[in-house]
Amino acid sequence: MRSFEVEKEQMKKGASINTGTELSDNKNVYTEKPKERVSASDYIPKFTLPNISIDAISNELCGELNSLKALVAESERDLESTERALENSEQNISKYEQQVAELSQGFEFYQETKCFINDYSKLLSLKIDSIEQVENEIYALFQKRCDDVRNLRRSVQQKLSIQVGVIKGQHDSRYHQPSDIPRTCPDSDEEVEQEFVEKYNSIVDRSESVMTDVRDEYSEITFVKQQFEKWKLQQSESYKNAYITQCLPLVFSPLLRLEMLGWNPIQPSCPNFEEYSWFLCLMTYGYREGQDPSTDDPDTNLIPIIVNKVLLPKVTKLVECCWDPFSSQQTKRLTELLVLLFEDYVPKKKKSAEKDKLIQAIQHQIEQLIIHEAFLPFTAERSSNPESKIEQFLSFQYMKCIKILKNILLWEGVLSSDIVFKLSVDSLLNRHLVAFLQTSQNYMDNVEKIDMIIKTFPVSWFEKSDKLLPQLVSFATYLASLVQIIERRQAQCTTDSDRKLHKTAIRKVMSMLLRINAMDLVRKAATSGL
């Protein structure tokens, strides 16, 4: 029973703990608190539902849909871009596969061109000495021929001067007689010409053998041209970057010089350089068949550049070694050639060193002619008899100077006016002809001699202005003084025929003054005559 009560007591204690009862330590009494009722709703979480409508749900779903559409569009664009990249890659692959053959051909072309240029350069280095040798030989032959003619002419002048007593061991220092007069002269012009022709043909034959051991592709301008044209037309960019245009004159120069070895335009029956095969060949360099040449193509100036760098130096050498400025025919042919070169091929606005050298060579040759052959000894003892040896000799020399003057004036319009005036008027007319006329006592004969001088003057001198040229003042002054001398002689005439002859001479001199635009001197002479 006791144990039952204990158990009951323990159960109460346990129940008091579970139900929130309080146990008092001072009293063995349990006090129970009133129990609270718990409902099922107390276990449901409490929250506030949002205010959700159909439109809000629809808008949210549309936003989600648009976002998905944008994502799909972006994916489609990426797909298209990828497909295009794939297509481009496939095209590039096909393109590069095709270019493999082209690049291979280009590589083979460059290798071929490199080998050709190397071989051609070596060839020229081996052959250039031979080319220069035959050139020098033919120049020396031309020089000897010209010297023989010149020395023969000067020898005759020297002998005549001694025979008439003009030269007696000493003479006026203004005149320089040649000191290298040959002791023996050629027996005849025919023998000299025959000897020249034989040596000339021998040199030409040897020049033709210079390239006999060379294949045509290296020795013919046509084949060399084709090689560089092929480069230009197939690989234009590398052709331009290699500055081939600037190198072409050096490329063609040796072959051109060899072809034109015997070209001498100063001599008769010489073909024009435009008729040579190199000219006809290079005229069409770089042109595509059926197309007009481009004005921007620098190769269109190939011929002018070759003329300036190759042809002008050759002409300069010919002027130095074989041009006789005393020959009217040679001078005429030379002036015609230079008119063609200067007007059509040598640029006028650009400075040309080769052109300047050529002009200097021409001027030097004319100066040497005046120094050695314009021999008018005005200090010699004159004779009143025009048939005397001394007068015949002086008349011959005067006519010789007139011919030199004519030849110099052929250069009018080719050389500059300053050079022409210096050579014709200053060096020859005033220094020799006028000085000679002033010492002559045969005034009536001087009128005819003066008329010869004025007839040589170019008309262009007096068309540009109606005033007397400053260079002709000295000459015109002498004419005015001659009028006064003839008037004084006229006053001393005893017969009507003599007076009429002198009057005619005065009118002729006055007419000459008018022709050279010396109006002031004409008025002065007319006033003094009155």
Side-chain angles (χ1 to χ4, degrees), residues 132 135-136 138-147 149-151 153-154 174 176 178 180 249 253 256-257 260 263-267 270 273 304-374 401 403-432 458 460-461 471:
E132 291 179 351
E135 273 186 331
N136 292 333
I138 206 160
Y139 288 145
L141 182 62
F142 287 149
Q143 178 79 60
K144 184 179 182 303
R145 184 191 195 189
C146 186
D147 288 344
V149 174
R150 185 184 295 118
N151 289 335
R153 187 170 62 243
R154 294 177 182 177
R174 287 172 57 187
H176 304 279
D180 55 346
S253 172
L256 186 154
R257 288 162 57 188
M260 299 194 69
W263 181 69
N264 186 356
I266 297 173
Q267 299 301 322
C270 178
F273 71 92
I305 292 174
I306 288 179
V307 168
N308 188 62
K309 292 188 176 182
V310 181
L311 215 59
L312 285 188
K314 183 175 181 65
V315 175
T316 301
K317 190 66 178 178
L318 292 173
V319 166
E320 293 172 345
C321 72
C322 67
W323 174 49
D324 183 4
F326 185 75
S327 170
S328 299
Q329 294 299 320
Q330 289 188 18
T331 303
K332 184 178 180 181
R333 285 190 285 266
L334 183 58
T335 54
E336 291 174 350
L337 171 68
L338 295 193
V339 167
L340 174 63
L341 293 178
F342 292 168
E343 290 186 356
D344 295 346
Y345 297 100
V346 180
K348 297 179 180 180
K349 297 182 180 180
K350 294 183 180 179
K351 190 73 174 176
S352 173
E354 298 301 336
K355 179 181 177 180
D356 292 341
K357 290 179 182 178
L358 174 57
I359 292 175
Q360 291 173 5
I362 293 170
Q363 185 175 352
H364 176 74
Q365 291 293 88
I366 296 175
E367 289 172 349
Q368 291 299 307
L369 175 67
I370 295 173
I371 290 173
H372 291 291
E373 301 194 38
C401 290
K403 181 179 180 180
I404 295 174
L405 180 62
K406 287 181 180 179
N407 291 349
I408 295 174
L409 293 177
L410 288 174
W411 292 101
E412 176 66 21
V414 182
L415 303 181
S416 67
S417 298
D418 293 339
I419 295 177
V420 174
F421 276 122
K422 177 183 177 182
L423 295 173
S424 61
V425 178
D426 298 339
S427 298
L428 184 57
L429 177 61
N430 294 337
R431 186 176 300 178
H432 293 274
S460 59
W461 283 6
Q471 295 86 348

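Basis for what follows: all heavy atoms, side chains included, without hydrogens, waters or symmetry-related copies.
You'll find the side chain of L334 reaches within 4.5 Å of the side chain of V315, heavy atoms only. Inter-residue side-chain proximity for I370 and I408 is flagged as met; some heavy-atom pair is nearer than 4.5 Å. No side-chain heavy atom of Y345 sits less than 4.5 Å from a side-chain heavy atom of L311. A heavy-atom distance below 4.5 Å is found between the side chains of S424 and L409.
Residue I306 holds its CD1 atom at 8.0 Å from OG of S253, rounded to the nearest 0.5 Å. The distance from atom CG of L340 to atom OG1 of T335, rounded to the nearest 0.5 Å, is 11.5 Å. In this structure, CG in L358 is found 9.5 Å from CD in Q360, a value given to the nearest 0.5 Å. Distance CD/Q329 to CZ/R333: 5.5 Å, rounded to 0.5 Å. Once rounded to the nearest 0.5 Å, the distance linking CG of L423 with CH2 of W411 reads 10.5 Å. Here NE2 of H432 is found 11.5 Å from CG of L405. Values are rounded to the nearest 0.5 Å.
Listed here is the closest heavy atom pair of C322 and Q267: O-NE2, 4.3 Å. Smallest separation of non-hydrogen atoms from P325 and T331: O-OG1, 3.5 Å. A pairwise comparison of heavy atoms in A374 and C401 identifies CA-SG, 3.7 Å as the closest pair. Minimum interatomic distance between I419 and L415 (heavy atoms only, all atoms of both residues): CG2-CD1, 4.0 Å. Minimum heavy-atom separation, P265 to L337: CG-CD2, 3.4 Å. In plain terms, the two heavy atoms of C270 and W263 that are nearest each other are SG-CD1, 3.3 Å.
Under the side-chain hydrogen bond (donor to acceptor under 3.5 Å, both in side chains) rule, D147 has a single partner from R145, K144, R150, which is R150.
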Legend entry - Derivation and outcome, side-chain contact (heavy atoms from CB on, under 4.5 Å), residues W323 and I362: CA-CA 9 Å; W323 174 49; I362 293 170; 4.0 Å; yes
Inset, instruction - Might you work through the side-chain contact (heavy atoms from CB on, under 4.5 Å) test for K317 and F142, ending with a clear yes or no? - result: CA-CA 10 Å; K317 190 66 178 178; F142 287 149; over 6 Å; no
Inset, instruction - Begin from the C-alpha positions of D356 and K351 and carry the test side-chain contact (heavy atoms from CB on, under 4.5 Å) through to its verdict. - result: CA-CA 9 Å; D356 292 341; K351 190 73 174 176; 3.1 Å; yes
Inset, instruction - Please assess E320 against Q143 for the test side-chain contact (heavy atoms from CB on, under 4.5 Å), listing each intermediate value before the final yes or no. - result: CA-CA 8 Å; E320 293 172 345; Q143 178 79 60; 5.7 Å; no
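Although no hydrogens or angles enter the test, the distance criterion places a donor-acceptor pair under 3.5 Å between the side chain of K314 and the main chain of M260. A distance-only check finds no donor-acceptor pair linking the side chain of N430 to the backbone of D426 [under 3.5 Å]. Formation of a donor-acceptor pair under 3.5 Å by the S427 side chain with backbone atoms of K422 is found in this model. Proximity of a side-chain donor or acceptor of Q365 to a complementary backbone N or O of V319 within less than 3.5 Å is detected.
Under the 4.0 Å criterion applied to side-chain N and carboxylate O atoms, R154 and E373 are assigned as salt-bridge partners.
Counting non-hydrogen atoms of neighbouring residues, nucleotides and ligands closer than 6.0 angstrom, the NZ atom of K406 reaches no more than 12 such neighbours.
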